[in-house]
Asks: 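Questions regarding the structure given below will be posed in turn.
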Amino acid sequence: MTVRTRFAPSPTGFLHIGGARTALFSWAYARKHRGSFILRIEDTDVARSTPEAVQAILDGMNWLGLDWDEGPFYQMERMDRYKLVIQKMLDDGTAYHCYCSKEELEVLREQQMSQNLKPRYDGRWRPEEGKVLADIPQGIPPVVRFKNPKTGAVAWDDLVKGHISISNEELDDLIIARADGTPTYNFCVVVDDWEMGITQVIRGDDHVNNTPRQINMLKALGANIPQYAHLSMILGDDGQKLSKRHGAVSVMQYDDEGYLPEAVLNYLARLGWSHGDEEVFSMQQFCEWFDLDHITPSAAQFNTEKLNWLNAHYIKQADSTTLVQEVSKRLQSKGVSIAAGPELSKVVEMYRERANTLNELVASVVYFYQLPAIDEAAAQKHITPEILPVIKALADQLAVIDWSAEAIHGLIEQAVLQHALKFPKIAMPLRVMLTGGAQSPSIDGVMVLLGRESVVSRIKAITG
RNA sequence: GUCCCCAUCGUCUAGAGGCCUAGGACACCUCCCUUUCACGGAGGCGACCGGGGUUCGAAUCCCCGUGGGGACGCCA
């Protein structure tokens with residue numbers, strides 16, 4: 001049977017990191033088995049769904065490069081279909097009307113809670129052989145409930161967690177259509193997974209408890225039961241559940257912060273899944289290797305340090321043109337013009353091995369295009385009164401020599417010898433004067449790129 | 001409270017009864033490289049939640065604890 005997986009987010013916010021991983025695994029599974037990956041937008045919660053959120057999800061998927069073969073399907077556009085199925089279930093007797101008001105249910109719930117019972121519907125409107133139902137109250141539009149089996153157990157072999165079995169006694173008759181006739185989540189999922197021919201449902205493990213209900217409905221409809229794979233959740237860097245308090249929860253925020261999609265993808269792939277000792281791999285490789293057998297069933301804590309390491313790796317590996325474009329875009333948005341400075345590609349080559357993120361790279365390279373702010377502490381430490389005349393004299397020579405790294409290096413060496421100093425004694429003050437700080441690539445290389453004019457004027461601005 | 005799930009270095013993980021004196025990666029520490037900081041290279045520190053079984057043998061299987069998480073909506 002051809003594999004068909006799906007990613008089914010509800011558009012109530014951006015695509016967060018947990019959702020992205022679910023999408024990634026679902027996508028990879030389809031790719032691995034040359035099946036289809038379907039995108040379905042679960043937007044039946046009209047009050048909370050927004051078109052902006054739909055767009056945010058699409059943006060996130062696109063940024064990561066997770067392409068889908070079918071969809072996006074919108075559940076709101078499938079209302080007619082759901083209503084037909086509900087009517088059929090009503091006709092078949094696998095669903096029934098319930099006239100309980102929300103208030104009644106609230107009372108019931110409180111009673112059960114106070115007795116330390118699991119709150120659930122007591123089945124008062126459930127038709128039963130020989131049971132006499134109360135008179136239908138006036139003016140209360142009924143909801144439709146699924147007639148869940150009362151005995152036995154629902155079990156499935158979860159592709160991640162193994163065998164899971166839940167007694168039907170734990171389940172109640174869930175509402176599948178609201179009083180206004182609109183279908184609810186658990187029901188739409190069932191109809192969609194069925195009609196879209198989903199073979200593997202790969203989703204977050206917060207859905208484990210929905211699975212037995214869904215399987216029961218699938219059975220009532222005579223549908224095939226897909227396989228289920230429940231992925232554990234991703235915890236924040238602090239080990240706490242991911243929430244709005246954790247800054248970077250939207251995948252697009254990783255873009256903003258200067259992470260490459262390859263790095264995020266590689267990191268996410270490795271979070272909860274493994275292939276022996278492999279740490280760094282392409283998505284193509286991932287799709288070949290990916291399987292559900294090597295997914296960890298326990299929750300995983302997000303680790304920004306490791307993401308940084310991977311990101312640094314991908315920055316080093318990145319295609320030069322792409323990298324330059326990214327850096328250029330980011331410089332531009334910071335209002336830094338590169339027109340008057342050195343060729344950006346050379347600057348990027350000089351710095352790409354030193355940055356964890358594109359933003360770090362950008363920040364460390366700004367001084368080529370703008371006068372840097374001088375770090376006070378560094379200046380204090382390295383620009384000493386004794387060295388000032390030496391540097392000043394050097395500047396005069398720099399103004400006239402050949403402009404090459406070799407010549408500049410030779411000049412510094414010469415000064416070093418002449419004044420019986422160590423190389424850093426001269427390199428460090430130069431570094432501070434030219435770049436603003438005490439860290440940079442080799443100083444002669446920096447000077448060559450910066451250009452004679454900038455070098456001399458930046459030195460003179462300080463030495464006078 | 002009830003039900004369900006989970007449990008190996010600080011973190012992500014390898015591990016399907018002997019290959020485990022528990023492997024890799026990030027982080028951390030030391031050293032090397034060096035013109036500072038990075039990069040890179042070589043080392044190091046560091047874990048099977050506890051208790052019972054099963055077995056000749058258990059990180060691996062079973063049970064019980066403990067701890068963590070999830071679910072219990074006319075949300076998805």
Side-chain angles (χ1 to χ4, degrees), chain A residues 8-12 42-45 47-49 75 98 100-102 105-106 109 112-120 141-145 158 160-162 164-167 169-172 174-180 182-186 188-189 204-212 230 232-233 235 237 239 241 267 270-280 293-294 296-310 312 316 351-356 364 378 382 409 412-413 416 422-428 430-432 435 437-445:
Chain A
S10 59
T12 54
E42 310 214 319
D43 55 356
T44 53
D45 185 354
R48 293 200 299 155
S49 298
Q75 289 189 323
C98 165
C100 281
S101 65
K102 289 183 183 184
L105 292 173
E106 190 51 43
R109 197 184 340 268
Q112 290 166 328
M113 289 288 259
S114 67
Q115 290 169 58
N116 283 342
L117 293 171
K118 184 182 199 164
R120 48 227 228 266
V143 299
V144 178
R145 284 183 186 273
D158 196 279
V160 172
K161 294 182 187 285
I164 298 178
S165 172
I166 290 165
S167 167
E169 288 169 29
E170 295 297 328
L171 273 22
D172 63 358
L174 75 155
I175 292 170
I176 60 175
R178 302 178 180 93
D180 66 4
T182 58
T184 58
Y185 163 77
N186 268 301
C188 297
V189 168
D205 72 358
D206 47 333
H207 289 291
V208 167
N209 294 278
N210 290 324
T211 306
H230 287 100
S232 61
M233 63 186 310
L235 272 23
D237 250 327
K241 186 181 173 180
Y267 179 73
R270 230 5 227 87
L271 197 58
W273 174 85
S274 60
H275 185 76
D277 289 340
E278 300 293 340
E279 294 287 350
V280 181
D293 297 339
H294 292 84
T296 322
S298 55
Q301 189 171 319
F302 196 89
N303 185 227
T304 305
E305 301 273 14
K306 188 157 181 180
L307 207 214
N308 283 344
W309 170 74
L310 270 171
K316 282 178 227 156
Y351 270 88
R352 71 189 307 173
E353 296 215 330
R354 316 168 69 85
N356 283 331
S364 60
H382 299 292
H409 188 83
I412 299 175
E413 286 288 9
V416 162
K422 295 276 192 207
F423 196 98
K425 273 288 175 203
I426 296 183
M428 290 311 291
L430 279 175
R431 193 166 267 127
V432 176
T435 73
Q439 293 98 42
S440 85
S442 83
I443 194 64
D444 39 21

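Order of the sequence lines sets the chain letters (A, B, ...), proteins ahead of strands, with each chain counted from 1.
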Asks: Give me the distance, rounded to whole Å, that separates B:rC33 from B:rC39 when you measure between the C1' atoms they each carry.
Replies: 11 Å

Asks: Below 3.5 Å is the cut-off: list the nitrogen or oxygen pairs between protein and nucleotides 12-18 of chain B, distance only.
Replies:
residue: B:rC12; atom: OP1; partner: A:Q301; partner atom: N; Å: 2.9
residue: B:rC12; atom: O2'; partner: A:R270; partner atom: O; Å: 3.0
residue: B:rC12; atom: O2; partner: A:K306; partner atom: NZ; Å: 3.4
residue: B:rU13; atom: OP1; partner: A:G272; partner atom: N; Å: 2.6
residue: B:rU13; atom: O3'; partner: A:S274; partner atom: OG; Å: 3.2
residue: B:rU13; atom: O2'; partner: A:R270; partner atom: NH2; Å: 3.3
residue: B:rA14; atom: OP1; partner: A:S274; partner atom: OG; Å: 2.9

Asks: Which value, in whole Å, describes the distance between the P atoms of nucleotides B:rU54 and B:rC62?
Replies: 15 Å

Asks: Expressed in whole Å, how much space separates the P atoms belonging to B:rC45 and B:rG10?
Replies: 15 Å

Asks: If we take the C1' atom in both B:rU60 and B:rC20, what is their distance in whole Å?
Replies: 11 Å

Asks: When rounded to the nearest Å, what value does the distance between C1' atoms of B:rC26 and B:rG65 take?
Replies: 34 Å

Asks: Below 3.5 Å is the cut-off: list the nitrogen or oxygen pairs between protein and nucleotides 40-44 of chain B, distance only.
Replies:
residue: B:rG40; atom: OP1; partner: A:K316; partner atom: NZ; Å: 3.1

Asks: At under 4.0 Å between heavy atoms, what does A:H409 touch on the DNA or RNA strands: base, sugar-phosphate, or nothing?
Replies: base

Asks: Do side-chain atoms of A:Y267 reach the backbone of A:N303 as a donor and acceptor pair under 3.5 angstrom?
Replies: yes

Asks: Closer than 3.5 angstrom, by distance alone: can the side chain of A:R178 be matched with the main-chain N or O of A:V143 as a donor-acceptor pair?
Replies: no

Asks: Applying the Watson-Crick and G-U wobble criteria at under 3.5 Å, what pairs with B:rA47? Answer none if nothing qualifies.
Replies: none

Asks: Under 3.5 Å, which protein N or O atoms sit close to an N or O of nucleotides 71-76 of chain B? Give each pair with its distance.
Replies:
residue: B:rA71; atom: O4'; partner: A:N209; partner atom: ND2; Å: 3.0
residue: B:rC72; atom: O2'; partner: A:P119; partner atom: O; Å: 2.8
residue: B:rG73; atom: OP2; partner: A:R109; partner atom: NH1; Å: 2.6
residue: B:rC74; atom: O3'; partner: A:R178; partner atom: NE; Å: 3.4
residue: B:rC74; atom: O2; partner: A:A179; partner atom: N; Å: 3.1
residue: B:rC74; atom: N4; partner: A:C100; partner atom: O; Å: 3.2
residue: B:rC75; atom: OP2; partner: A:R178; partner atom: NE; Å: 2.2
residue: B:rC75; atom: OP2; partner: A:R178; partner atom: NH2; Å: 3.4
residue: B:rC75; atom: O3'; partner: A:R178; partner atom: NH2; Å: 3.2
residue: B:rC75; atom: O2'; partner: A:D45; partner atom: OD2; Å: 2.4
residue: B:rC75; atom: O2'; partner: A:R48; partner atom: NH2; Å: 3.2
residue: B:rC75; atom: O2; partner: A:R48; partner atom: NH2; Å: 3.0
residue: B:rA76; atom: OP1; partner: A:T44; partner atom: OG1; Å: 3.0
residue: B:rA76; atom: OP1; partner: A:R178; partner atom: NH2; Å: 2.4
residue: B:rA76; atom: OP2; partner: A:R178; partner atom: NH2; Å: 3.2
residue: B:rA76; atom: OP2; partner: A:Y185; partner atom: N; Å: 3.0
residue: B:rA76; atom: O3'; partner: A:E42; partner atom: O; Å: 3.2
residue: B:rA76; atom: O2'; partner: A:S10; partner atom: OG; Å: 2.8
residue: B:rA76; atom: N6; partner: A:N210; partner atom: OD1; Å: 3.4
residue: B:rA76; atom: N6; partner: A:N210; partner atom: ND2; Å: 3.4
residue: B:rA76; atom: N1; partner: A:N210; partner atom: ND2; Å: 3.3

Asks: Pick the closest RNA chain B nucleotide for A:Q115 and for A:R431 by heavy atoms, then say which residue is nearer the 5' end.
Replies: A:Q115

Asks: Using only modelled atom types and a 3.5 angstrom limit, is any donor from either the side chain of A:H382 or the base of B:rU36 paired with an acceptor on the other?
Replies: no

Asks: What distance, rounded to whole Å, do you find between the two C1' atoms, one in B:rC29 and one in B:rA71?
Replies: 44 Å

Asks: What integer number of Å spans the C1' atoms of B:rG15 and B:rC48?
Replies: 10 Å

Asks: Could you check whether any side-chain N or O of A:S440 sits under 3.5 Å from a backbone N or O of A:R431, counting only pairs where one atom can act as donor and the other as acceptor?
Replies: no

Asks: Applying side-chain hydrogen bond (donor to acceptor under 3.5 Å, both in side chains) between A:K118 and each of A:Q112, A:E170, A:E169, report the one that passes.
Replies: A:E170

Asks: For a 4.5 angstrom cut-off between non-hydrogen side-chain atoms, does A:T44 reach A:T182?
Replies: no

Asks: Quick check for you: among B:rU36, B:rC4, B:rU2, whose closest atom lies nearest to any side-chain atom of A:V208?
Replies: B:rC4

Asks: Would you confirm whether A:D237, through its side chain, and A:T304, through its main-chain N or O, come within 3.5 Å as a donor-acceptor pair?
Replies: yes

Asks: According to the Watson-Crick and G-U wobble definitions, with both distances under 3.5 Å, which nucleotide is paired to B:rA25?
Replies: B:rU11

Asks: When you measure from the side chain of A:N356 to the backbone N and O of A:A312, does any donor-acceptor pair fall under 3.5 Å?
Replies: no

Asks: Between the side chain of A:E42 and the main-chain N/O of A:Y185, is any donor-acceptor distance below 3.5 Å?
Replies: no

Asks: Of all the choices, B:rU2, B:rG69, B:rC26, which nucleotide is nearest to the side chain of A:E170 once you look at every atom?
Replies: B:rU2

Asks: Between A:S442 and A:D444, is a side chain to side chain donor-acceptor pair (under 3.5 Å) present by the stated rule, with each step listed?
Replies: CA-CA 6 Å; A:S442 83; A:D444 39 21; 2.9 Å; yes

Asks: For B:rC75, give the paired nucleotide (Watson-Crick: N1-N3 plus N6-O4 or O6-N4; G-U: N1-O2 and O6-N3; both under 3.5 Å), or none.
Replies: none

Asks: When the P atoms of B:rG23 and B:rG43 are considered, how many whole Å apart are they?
Replies: 14 Å

Asks: Strictly by Watson-Crick or wobble contacts shorter than 3.5 Å, is anything paired with B:rU54, and which nucleotide is it?
Replies: none

